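Working notes for the structure below.
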Amino acid sequence: MGPEEAPDRARRAGALFAEALEREGAERERFLRDACAGDERLRADVESLLAAHGRPGAVDRLGAEIEPIAARLRGPAATLAGSRVGRYQVIERIGGGGMGVVYRGMDTRLDRPVALKFLVPRLRADDSAAERFRLEARAIAALDHPNICTLYEIGEGEGGHLFLAMPLYDGETLQARIARGPLPVGEAVAIAIQVARGLAKAHARGIVHRDIKSSNVLITDDGIVKLLDFGIAKLTGVALTGAAGPLGTTPYMSPEQVAGSPVDHRTDLWSLGVLLFEMLAGRKPFAGQTASEVSEAIRRGDLPSLARQRADVPAPLERIVATALRKRREERYQSAQEFEAELLTLGVTAALPAGAITPSPPAGPQRAGRRARGLARGALAAVAVLLLAVALSLTLPRRRATAARVPASIAVLPFADRSAAGDQEYFTNGITDELIATLARIEGLRVA
């Protein structure tokens, strides 16, 4: 292979490797057969990279036995391990995706470990890719939330290497967690609630992630969920150039996304619905042998029954998943706060980590009107429950005359904040406390 041929082969092998990782089994085999038709050497290189990637302890690293192939594909100066960019020492490669390669690094000034995400070399000369990379930095920097990754800085090293510096979290991706089997119902719901809270913050800032998937959700050792990779996020009023076709990962795309139509925040809510189904069932809801078959299933296929996947999924939870995965976006949840509120009503969540318990932010410019409507509905609810208490106080004495030996008792459950803005918790707590206090004054009634 001549020196002028190596870069092109490296680009082709790298692109095919990344695409093949998104496929499994027979679908991957067909993809490689079609993509590498007539070039057995290219296919052998890609298959070697896939084999090394899949070995235990070799995730996102190359096995020593295929290092000669990797060296041939990478060409000179393809690795940054051992180098230094700004105040950061680059240590080792730990991951990568379609736009960036992630290295473990060390902040020499503050003496703390960091994750350094570099724009992949084959995209450095692509203005649209660099634009998307900078856009990712802007998207992350605009957000400050426990369920969204933090951005330390964006910089550029020698040779024009654009990079993002972020915390190096201890934990595992949701993809790795699901690979061990379906999650307990409470754990799955708790994770979905945290994802919804992170999305609510992003959507309130006009940011649509567009690539919510299991590999972009990190669960720290403390149990806190972090949303990663805003690399293809869409900011309100910002257009990207050079984008060919829909951006995202096919099995998690919404119907409008696979159709190449304009997307909004409800696309992220669809993807969260896919995540929730996948956590509970151990598989994605819409499958196919090829990407086009998956896209067709997303657009027109029926949603598989969760109850048939596992018997312990509550019917209300299956209804929530079905609502999130409705084909028409107008029929889905209209905000991340609404999605979160529905999940909270289930009462089946595992304990949320202290750092993850953050109220969802307001849902946008219609917040004031929605808040007023929420207060009105809350006031009506308060009147209703107090009338119920009065009715009980009038009927219980007569009831005791005929059934004095039968103790009367009632349980008061917490009222859920169902307002669109999600900022009525103080009001719902007040209703609950007032109802408990009123009922407790009724003679002969035990309040739980």
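Here the structure is a predicted model, which is why all the values come from computation and not from measurement.
Shortest non-hydrogen contact noted between P182 and L280 is CB-O, 3.4 Å. In terms of heavy atoms, A81 sits closest to E92 at CB-CA, 4.3 Å. Contact detail for L346 and P316: the closest heavy-atom pair is CD2-CB, 3.6 Å. Contact record, A281 with L306: CB-CD2, 4.0 Å, taken as the closest heavy-atom pair. Listed here is the closest heavy atom pair of F339 and G273: CE1-N, 4.2 Å. Closest approach of P314 to V185, counting heavy atoms only: CD-CG1, 4.1 Å.
Put simply, CG on L80 and CD1 on I91 are 13.0 Å apart, with the number rounded to the nearest 0.5 Å. Summarising the geometry, atom NE2 belonging to H203 is positioned 9.5 Å from atom NE2 belonging to H209; distances are rounded to the nearest 0.5 Å. The SG atom of C149 lies 8.0 Å from the CG atom of L227; values are rounded to the nearest 0.5 Å. Separating the OG1 atom in T290 from the CD atom in E296 is a distance of 10.0 Å, to the nearest 0.5 Å. Note that CG of L164 and CZ of F118 are 9.5 Å apart. Values are rounded to the nearest 0.5 Å. If you take CG on L174 and OG on S215, they are separated by 9.0 Å, rounding to the nearest 0.5 Å.
With hydrogens and angles ignored, the 3.5 Å screen pairs a side-chain donor or acceptor of D268 with a backbone N or O of R210. The closest donor-acceptor contact from the side chain of R326 to the backbone of E331 lies under 3.5 Å. Side-chain N or O atoms of T267 include none that pairs as donor or acceptor with a backbone N or O of V263 at under 3.5 Å. Listed for the H145 side chain is no donor-acceptor partner under 3.5 Å among the backbone atoms of T150. A donor-acceptor pair under 3.5 Å is formed between the side chain of K327 and the backbone N or O of G301.
Residues L183 and R177 are in side-chain contact: their nearest non-hydrogen atoms beyond the backbone lie under 4.5 Å apart. Residues F277 and V274 form no side-chain contact, since every pair of their non-hydrogen atoms from C-beta on lies 4.5 Å or further apart. Within the 4.5 Å cutoff, no side-chain heavy atoms of M106 are placed close to those of V114. Proximity of T249 to P251: side-chain heavy atoms (C-beta onward) are separated by under 4.5 Å at one or more points. For the pair L344 and E342, the minimum side-chain heavy-atom distance is 4.5 Å or more. You'll find the side chain of L275 reaches within 4.5 Å of the side chain of S214, heavy atoms only. Contact annotation: the side chain of L168 approaches that of I94 to within less than 4.5 Å [non-hydrogen atoms, C-beta and beyond]. L199 has its side chain out of reach of H265: every pair of non-hydrogen atoms, C-beta onward, lies at least 4.5 Å apart.
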Assess whether side chain to side chain contact (heavy atoms under 4.5 Å, CB included) is satisfied between V102 and L116, documenting all intermediate values.
-> CA-CA 5 Å; V102 183; L116 300 171; over 6 Å; no
Candidate pair I219 and T173, rule side chain to side chain contact (heavy atoms under 4.5 Å, CB included), full reasoning | CA-CA 6 Å; I219 308 170; T173 65; over 6 Å; no
Evaluate side chain to side chain contact (heavy atoms under 4.5 Å, CB included) for V217 paired with L228, printing each intermediate quantity in order.
-> CA-CA 6 Å; V217 176; L228 309 175; over 6 Å; no
Evaluate the criterion side chain to side chain contact (heavy atoms under 4.5 Å, CB included) for residue pair V189 and L317; output intermediate values, then yes/no.
-> CA-CA 9 Å; V189 173; L317 178 54; 4.0 Å; yes
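Atom CG of D312 has more than 12 neighbouring heavy atoms from other residues, nucleotides or ligands inside a 6.0 Å radius. Other residues, nucleotides and ligands contribute at most 12 non-hydrogen atoms within 6.0 Å of the CZ atom of R308. Within a 6.0 Å radius of CG in D302, no more than 12 heavy atoms belonging to other residues, nucleotides or ligands are found.
A salt bridge links D229 with K117: the distance from a Lys NZ or Arg NE/NH1/NH2 to an Asp or Glu carboxylate oxygen falls below 4.0 Å. Using a cutoff of 4.0 Å between basic side-chain nitrogens and carboxylate oxygens, R328 and E256 are not scored as salt-bridged. One finds a salt bridge joining R87 and D107 here, because a Lys/Arg side-chain nitrogen approaches an Asp/Glu carboxylate oxygen to under 4.0 Å. Comment: R43 engages E29 in a salt bridge, judged by a side-chain N to carboxylate O separation of less than 4.0 angstrom. Ion pairing between E340 and R197 holds under the 4.0 Å rule for side-chain N and carboxylate O. Of the charged side-chain nitrogens involved, none lies within less than 4.0 Å of a carboxylate oxygen, so that D39 and R41 do not count as a salt-bridged pair.
For A192, the side chain to side chain contact (heavy atoms under 4.5 Å, CB included) partners are L272, L276, M279, L343, not counting sequence neighbours.
In the model, Q334 has a side-chain atom that pairs as donor or acceptor with a side-chain atom of R266 under 3.5 Å. Y103 and Q89 share no side-chain donor-acceptor pair at under 3.5 Å. Checking Y252 against Q257 by side-chain atom types alone, no donor-acceptor pair falls below 3.5 Å.
Each of K201, K226, Q194 was evaluated against N147; a single residue qualifies, Q194, per the side chain to side chain donor-acceptor pair (under 3.5 Å) test.
Legend: ring pair (Phe, Tyr, Trp, His ring centres under 6.0 Å) pairs involving residues 278-297, not counting sequence neighbours, sorted by first then second residue: W270-F286.
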